[in-house]
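Since the structure comes first, as structure tokens, the remarks are kept for the end.
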There are 2 protein chains.
Amino acid sequence: MKIKNRHYRTIWPDPADRRIINIIDQRLLPHRFVIEELRTLADFATAIRDMHVRGAGLIGATAGFAMYGAALAAPTGDPGAYFSDCAQLLRATRPTAKNLAWAVERQLAAIGLEKDRDSRIKKSFQVACEIADEDALFCRRIGEHGVKLIAEISKRKNGQPVNILTHCNAGWLAFVDYGSATAPIYAAHAAGINIHVYVDETRPWLQGARLTAWELREEGVPHTLIADNTGGHLMQHAMVDMVIVGTDRTTRTGDVANKIGTYLKALAAHDNNIPFYVALPSSTFDWEIEDGIGQIPIEERSGDEVNYVSGLTADNRLETVLVPPAGTRSQNFGFDVTPARLVTALITERGVVAANREEIFRMFPEMKKDCS
Amino acid sequence: MKIKNRHYRTIWPDPADRRIINIIDQRLLPHRFVIEELRTLADFATAIRDMHVRGAGLIGATAGFAMYGAALAAPTGDPGAYFSDCAQLLRATRPTAKNLAWAVERQLAAIGLEKDRDSRIKKSFQVACEIADEDALFCRRIGEHGVKLIAEISKRKNGQPVNILTHCNAGWLAFVDYGSATAPIYAAHAAGINIHVYVDETRPWLQGARLTAWELREEGVPHTLIADNTGGHLMQHAMVDMVIVGTDRTTRTGDVANKIGTYLKALAAHDNNIPFYVALPSSTFDWEIEDGIGQIPIEERSGDEVNYVSGLTADNRLETVLVPPAGTRSQNFGFDVTPARLVTALITERGVVAANREEIFRMFPEMKKDCS
């Protein structure tokens with residue numbers, strides 16, 4: 001998507017030297033736009049763990065390139081346990097995100113078939129690019145399917161603005177391009193549908209305020225930033241027509257693990273008869289599990305992310321401030337699980353599907369053999 | 001309650017000159033403790049509007065002293081429309097808070113019976129002190145009734161910590177002393193009951209992070225700060241035993257208008273069978289209205305409170321930082337309404353009562369004559 005009218009992806013091999021992978025350091029957005037070069041496995045692991053990159057699809061794509069980085073640094077001769085050690089290191093960086101494990105597995109399978117170091121490098125680069133391209137393609141398709149849902153509401157409202165609430169950043173910055181939750185929004189905007197987006201600021205990391213608001217601004221989509229506490233009030237007063245969010249891991253029964261606070265918005269949407277959609281490329285499905293609340297591991301991050309807030313001072317410096325009394329103990333769970341009963345439908349690259357086991361397997365029949 | 005082991009109220013006449021009313025400037029907490037002197041009606045109006053003081057009871061008590069300040073500055077002779085003009089100015093400062101209008105009416109009625117300037121000053125001072133004393137007394141009684149609910153859970157858990165979630169600051173800083181939601185907490189702590197409080201940070205103004213965490217710290221009550229998004233996850237995992245919040249206006253049917261985001265926590269408590277209590281002195285009842293969502297005016301404040309966050313820098317300066325892209329449009333509703341169906345019970349100065357019209361009037365029979 002666009003930054004100052006120039007097209008970017010969130011991750012790309014350097015045109016001059018493809019051993020270097022470029023990312024946008026998302027910790028510094030929206031106040032600083034800095035491109036960071038990743039070279040070593042440690043670079044990639046740090047970028048994922050410390051959230052230079054974040055978001056379901058981009059974590060997966062970065063993990064794909066990380067395994068290519070691992071191949072570049074692999075020992076000559078028999079790699080032994082080298083690649084599985086690299087995979088393990090990467091998997092531990094963000095425990096909730098399904099795309100991470102999915103991308104790493106895909107690379108391990110591909111690398112395992114190659115006989116020598118050079119072919120492993122070549123193959124892993126190819127697979128990393130495939131993962132990234134597929135992510136972008138699938139997000140574009142999510143947009144094509146999801147825009148129909150927005151168009152229906154727009155028609156019912158006779159062209160009055162369709163008010164869409166979103167939580168966190170399931171935007172193009174969370175993927176390689178287009179985004180998941182934002183793909184239908186960008187498609188609607190491109191189609192000239194009158195829309196307006198309520199952006200949850202998304203504490204503690206403020207992905208909504210820092211990233212989603214910035215994305216929408218760069219694309220010219222009308223939007224209003226709100227505190228996470230606000231959505232229930234808006235829904236009670238018919239100021240929201242639909243909710244679209246992303247997911248970091250989705251059970252085969254339709255439970256979704258998404259940014260902490262998503263569950264609260266799903267409850268409010270349900271209480272006010274407002275459709276609640278979850279947009280996802282199928283790479284976020286965890287086909288192994290049934291019970292999201294019981295089985296999805298929820299990442300716990302540093303309490304400092306709650307206690308400290310960063311931003312721009314009046315004299316244009318980046319500064320970090322402490323909000324509560326010094327020494328306050330904070331807890332910081334990264335995700336919560338929204339049970340399928342609160343999800344109106346999933347928007348996938350193959351189409352819109354009800355959030356239940358039967359319908360999900362009807363749309364992804366090839367996965368059925370893997371499950372009991 | 002205590003600040004560095006010395007007892008304070010949130011508002012008090014200066015012992016050396018009772019024409020001066022002292023408050024704690026709550027905008028600067030927890031990093032600076034500054035006592036501010038209020039003298040003129042304009043001082044009081046600014047203190048309420050710009051949240052030097054805030055919270056249901058303290059707004060009421062401050063409005064009481066504001067009318068005394070008005071009496072001190074009243075013209076000699078016939079006051080004409082002077083006092084009703086002052087009342088109108090005060091009512092407009094915070095439209096949602098019921099205690100404000102209640103305290104102003106009480107003063108107008110008292111002042112109206114006095115015949116000369118000196119007796120109006122004397123009477124309005126007396127009424128202001130009564131309002132403040134009554135607020136403290138009623139909060140203490142809320143604690144006496146509410147602690148029984150905590151003790152029951154503690155007994156059922158065999159003395160394991162009772163985990164209480166609270167939103168915003170319905171602490172002693174929001175009243176004259178004790179607080180509403182915190183009164184049962186302080187009473188339980190004083191009685192040696194093992195408790196632990198989850199403190200919602202409460203965006204955008206961060207009353208939880210800045211005020212509730214500080215109060216609990218000064219009183220030595222174990223607590224953990226969380227982002228507002230977190231409560232649903234905690235409740236899904238049985239990490240919360242009960243919710244206690246305050247209210248700024250309560251209908252005679254038991255709907256409560258409290259800090260924005262309260263409704264979301266009530267939905268999550270209901271979805272997980274966790275008791276959801278609302279603590280209030282009866283001065284927050286609005287006996288005129290039935291339908292909280294339809295009839296309670298919801299204050300909309302400046303979007304700057306969403307866009308900017310203040311806190312302490314590493315070198316101990318107070319600094320304000322901008323989080324979203326410059327120029328981002330934000331909306332900032334101060335309150336939302338939790339319908340009575342989601343409220344387990346109200347904890348009042350007279351006892352614990354179910355949140356419905358019949359039970360509320362059984363506890364406050366003298367109010368029945370005012371209502372149809």
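Here is how names work: the chains are called A, B, and so on, in the same order as the sequence lines, proteins then strands, and each is numbered from 1. Values below: every heavy atom of this structure, side chains too, minus hydrogens, waters and symmetry copies.
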Heavy atoms only: give me the nearest B:Leu264-A:Asn229 pair and the separation to one decimal.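 Result for this residue pair: CD1-O, 3.8 Å.
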Search all heavy atoms of A:Ile226 against all heavy atoms of B:Val306 and return the closest pair with its distance. C-CG1, 4.4 Å
Among B:Asp271, B:Thr313, B:Thr230, residue most engaged with chain A (heavy-atom pairs, under 4.5 Å):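 When all of B:Asp271, B:Thr313, B:Thr230 are compared, B:Asp271 has the most.
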Choice from B:Gly303, B:Gly311, B:Gly208, B:Ser310 maximising heavy atom contacts with chain A below 4.5 Å: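 With the most close heavy-atom pairs to chain A, the winner is B:Gly311.
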Please classify the contact of [X] with chain A as side chain, backbone, both or neither, using a heavy-atom distance under 4.5 Å.
| X | value |
| --- | --- |
| B:His270 | neither |
| B:Pro222 | neither |
| B:Leu206 | side chain |
| B:Leu211 | neither |
| B:Asp200 | neither |

Tell me, please, which residues at least two apart from B:Thr250 pass side-chain hydrogen bond (donor to acceptor under 3.5 Å, both in side chains). B:Thr247, B:Thr284
Chain B contacts: which residues in residues 24-35 of chain A have a non-hydrogen atom closer than 4.5 Å to it? A:Pro30, A:His31
What residues of residues 326-336 of chain B sit under 4.5 Å from chain A when only non-hydrogen atoms are counted?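 The stretch touches chain A at B:Ala326, B:Gly327, B:Thr328, B:Arg329, B:Ser330, B:Gln331, B:Phe333, B:Phe335, B:Asp336.
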Sort by residue number and list every residue of residues 235-246 of chain B having at least one heavy atom under 4.5 Å from chain A. B:Gln236, B:His237, B:Met239
